[in-house]
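Positions are given from 1, in the same order as the sequence printed here. Since we're looking at a predicted model, the values are computed, not measured.
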Amino acid sequence: MLVKVDRCRFPALMTTVVTTALSLLMICSTAAPAHAVKVMFGTTDYLVKIQDVDIKGPAGEALYLGHKYANHSFIAPYMLSDDGYILGVVGQNRYFRLDTSLIEQFQASGKLPKPLPPYEISIIDYLFGYMLWFIIAGIAVAGYFSSRKAARAKEALPFAHAGLAHEQAGQLDLAIAEYDKALAIDPKLSQILCRRAHVHGSQGDYDHAIADFSKAISSAPKDPWPLLGRGSAFEAKSMLKQALDDYSRAIKVSKAAFAYHARGTAYLRSGDFSAAIKDFTAAIKKDQLLVVAYQDRAVAFGRSGQRERAEADHRRAAQIGASQQNAELARARPA
């Protein structure tokens with residue numbers, strides 16, 4: 001009997017789940033058949049040619065000896081079945097099944113070799129054929145580690161709160177001791193690493209501050225605050241190149257006004273007034289009420305001999321400052 005191949009499409013609704021699988025099966029995504037990643041529901045057949053044969057179909061179709069395997073999918077492939085030898089129709093996704101009696105008849109007439117040439121399904125195809133189980137395992141493992149991380153963070157939280165209270169009271173050594181306890185429970189808590197780094201910086205211990213900010217960056221590479229903090233510590237040590245590198249990375253991950261402003265201040269300190277003005281202008285475009293950006297750009301304009309622009313920025317900074325102060329007073333006024 002002639003059977004048509006049924007091919008299904010990959011719906012967008014499972015993108016998140018399949019991403020998990022692809023992270024586990026990257027080798028499959030590069031080595032599996034190009035259309036395989038489109039399979040999501042139902043059964044999809046794969047026809048693999050072994051060799052040409054001198055056999056014609058019922059309508060005179062040219063045939064080849066091949067083998068067929070199938071992926072059975074629900075959301076993703078969960079099983080691969082080896083369906084054995086077939087006679088495939090050349091140039092089409094159609095085939096004829098070959099049972100033992102047909103194989104013996106064709107071999108007896110010399111139209112099929114005896115024994116039939118062997119074939120094997122690759123390990124990559126098998127891995128892809130059972131992808132759903134890798135997805136489930138990946139989600140389970142991710143869930144386990146996520147729950148463990150949440151538990152550690154919860155356990156560390158009282159020490160973090162105690163450290164913050166000591167920090168706000170100016171008891172910096174006690175603050176560091178509490179942050180140490182929190183980080184002993186979870187060394188990758190980026191926010192606590194940043195707090196401890198800030199305390200080290202307040203004590204003038206920039207080397208320890210840089211070390212803590214570096215750990216925080218490793219834990220949260222997309223967070224601009226550890227980058228800005230480490231840049232500030234580098235700047236305090238007059239390591240302007242390293243500071244500029246960190247500020248540039250903070251800009252890349254955040255595109256935020258405060259990141260542009262931080263790099264602008266480093267350029268201003270280095271004497272590169274043109275670069276400083278460019279960054280302060282970028283910060284103002286991001287936040288037109290950022291008073292400090294106007295003030296620092298006024299300084300850069302003044303040092304580069306552009307007095308009128310410097311005076312205009314000073315006036316604008318004063319206007320914004322007065323407006324913000326009036327707004328705060330209005331909010332504080334009793335009803």
Side-chain angles (χ1 to χ4, degrees), residues 167-168 170 172 194-195 197-214 216-217 220-333:
E167 184 181 346
Q168 291 173 339
L172 301 186
C194 286
R195 290 273 19 120
H198 176 74
V199 175
H200 283 310
S202 298
Q203 294 178 319
D205 187 354
Y206 299 114
D207 289 335
H208 277 99
I210 289 169
D212 274 349
F213 281 129
S214 296
I217 291 166
K222 298 297 184 181
D223 185 351
W225 292 109
L227 288 163
L228 291 170
R230 190 174 69 176
S232 179
F234 278 135
E235 198 171 347
K237 293 190 67 176
S238 297
M239 300 170 68
L240 290 181
K241 181 183 182 304
Q242 291 87 338
L244 288 168
D245 287 343
D246 275 352
Y247 294 147
S248 295
R249 287 178 62 186
I251 289 170
K252 185 175 181 179
V253 299
S254 70
K255 307 295 184 184
F258 55 79
Y260 282 105
H261 177 260
R263 190 173 68 177
T265 60
Y267 278 130
L268 181 61
R269 182 178 177 185
S270 71
D272 190 343
F273 304 129
S274 177
I277 290 168
K278 184 177 178 179
D279 273 349
F280 293 141
T281 301
I284 290 168
K285 287 181 178 179
K286 295 285 184 180
D287 183 356
Q288 296 183 8
L289 299 181
L290 190 60
V291 174
V292 68
Y294 287 100
Q295 293 171 335
D296 288 336
R297 190 172 69 173
V299 173
F301 276 139
R303 292 181 182 177
S304 62
Q306 302 179 64
R307 294 183 179 179
E308 292 184 2
R309 290 187 172 185
E311 291 173 0
D313 271 354
H314 279 307
R315 288 194 298 271
R316 182 58 180 152
Q319 291 170 356
I320 295 172
S323 177
Q324 291 175 343
Q325 186 176 22
N326 290 336
E328 290 176 4
L329 289 173
R331 285 193 296 268
R333 188 179 300 126

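The minimum heavy-atom distance between Gly302 and Ala310, with the atom names listed, is N-CB, 3.7 Å. Shown here for Ala266 and Leu244, the closest heavy-atom pair between the two residues is CB-CD2, 3.6 Å. Between Ala293 and Ala283, the closest heavy-atom pair is CB-CB, 4.3 Å. Taking every heavy atom of both residues into account, Gly201 and Tyr206 meet most closely at O-CE2, 3.7 Å. Of all non-hydrogen atoms in Leu228 and Ala262, the two that sit nearest each other are CD2-CB, 3.8 Å.
Taken from CD in Gln295 to CG in Leu290, the straight-line distance is 9.0 Å, to the nearest 0.5 Å. The structure places CG of Leu227 at 9.0 Å from SG of Cys194, a figure rounded to the nearest 0.5 Å. One finds the CD1 atom of Ile284 at 11.0 Å from the CG atom of Asp279 (value rounded to the nearest 0.5 Å). The CG atom of Leu240 lies 5.5 Å from the CZ atom of Arg269; values are rounded to the nearest 0.5 Å. A distance of 9.5 Å separates CG of Asp205 from CD1 of Ile210, quoted to the nearest 0.5 Å. To the nearest 0.5 Å, the span separating CG on Asp296 from CD1 on Ile277 amounts to 11.5 Å.
By the ring pair (Phe, Tyr, Trp, His ring centres under 6.0 Å) test, His200 is found to be paired with His208, residues two or more places apart in sequence or in another chain being considered. For Arg309, the side-chain hydrogen bond (donor to acceptor under 3.5 Å, both in side chains) criterion is met by Gln306, not counting sequence neighbours. Among residues two or more places apart in sequence or in another chain, the side-chain hydrogen bond (donor to acceptor under 3.5 Å, both in side chains) test is passed with Ser323 by none. Residues forming a side-chain contact (heavy atoms from CB on, under 4.5 Å) with Gln324 (at least two apart in sequence, or on another chain): Leu289, Val291, Ile320. Partners of Lys237 by salt bridge (Lys or Arg N to Asp or Glu O under 4.0 Å), not counting sequence neighbours, listed by chain and number: Asp207. Taking the side-chain hydrogen bond (donor to acceptor under 3.5 Å, both in side chains) definition, one finds that Lys241 meets it with Asp245, sequence neighbours left out. By the salt bridge (Lys or Arg N to Asp or Glu O under 4.0 Å) test, Glu235 is found to be paired with no residue, residues two or more places apart in sequence or in another chain being considered. A search for side-chain hydrogen bond (donor to acceptor under 3.5 Å, both in side chains) contacts involving Ser254 returns nothing, not counting sequence neighbours.
Contacts classified as side-chain hydrogen bond (donor to acceptor under 3.5 Å, both in side chains) and involving residues 311-321 (residues at least two apart or in different chains) are given here: Arg297-Asp313. Among residue pairs with one or both ends in residues 284-293, none qualify as side-chain hydrogen bond (donor to acceptor under 3.5 Å, both in side chains); sequence neighbours excluded. Here ring-ring contact (aromatic ring centres under 6.0 Å, His included) pairs that include residues 260-288, with residues two or more places apart or in two chains, are His261-Phe280. For the ring-ring contact (aromatic ring centres under 6.0 Å, His included) condition, the pairs that include at least one residue of residues 240-259, sequence neighbours left out, are Trp225-Phe258.
Counting heavy atoms of neighbouring residues, nucleotides and ligands inside a 6.0 Å radius, atom CZ of Arg307 does not exceed 12 of them.
Between the Ser202 side chain and the His198 main chain, a donor and an acceptor come within less than 3.5 Å of each other.
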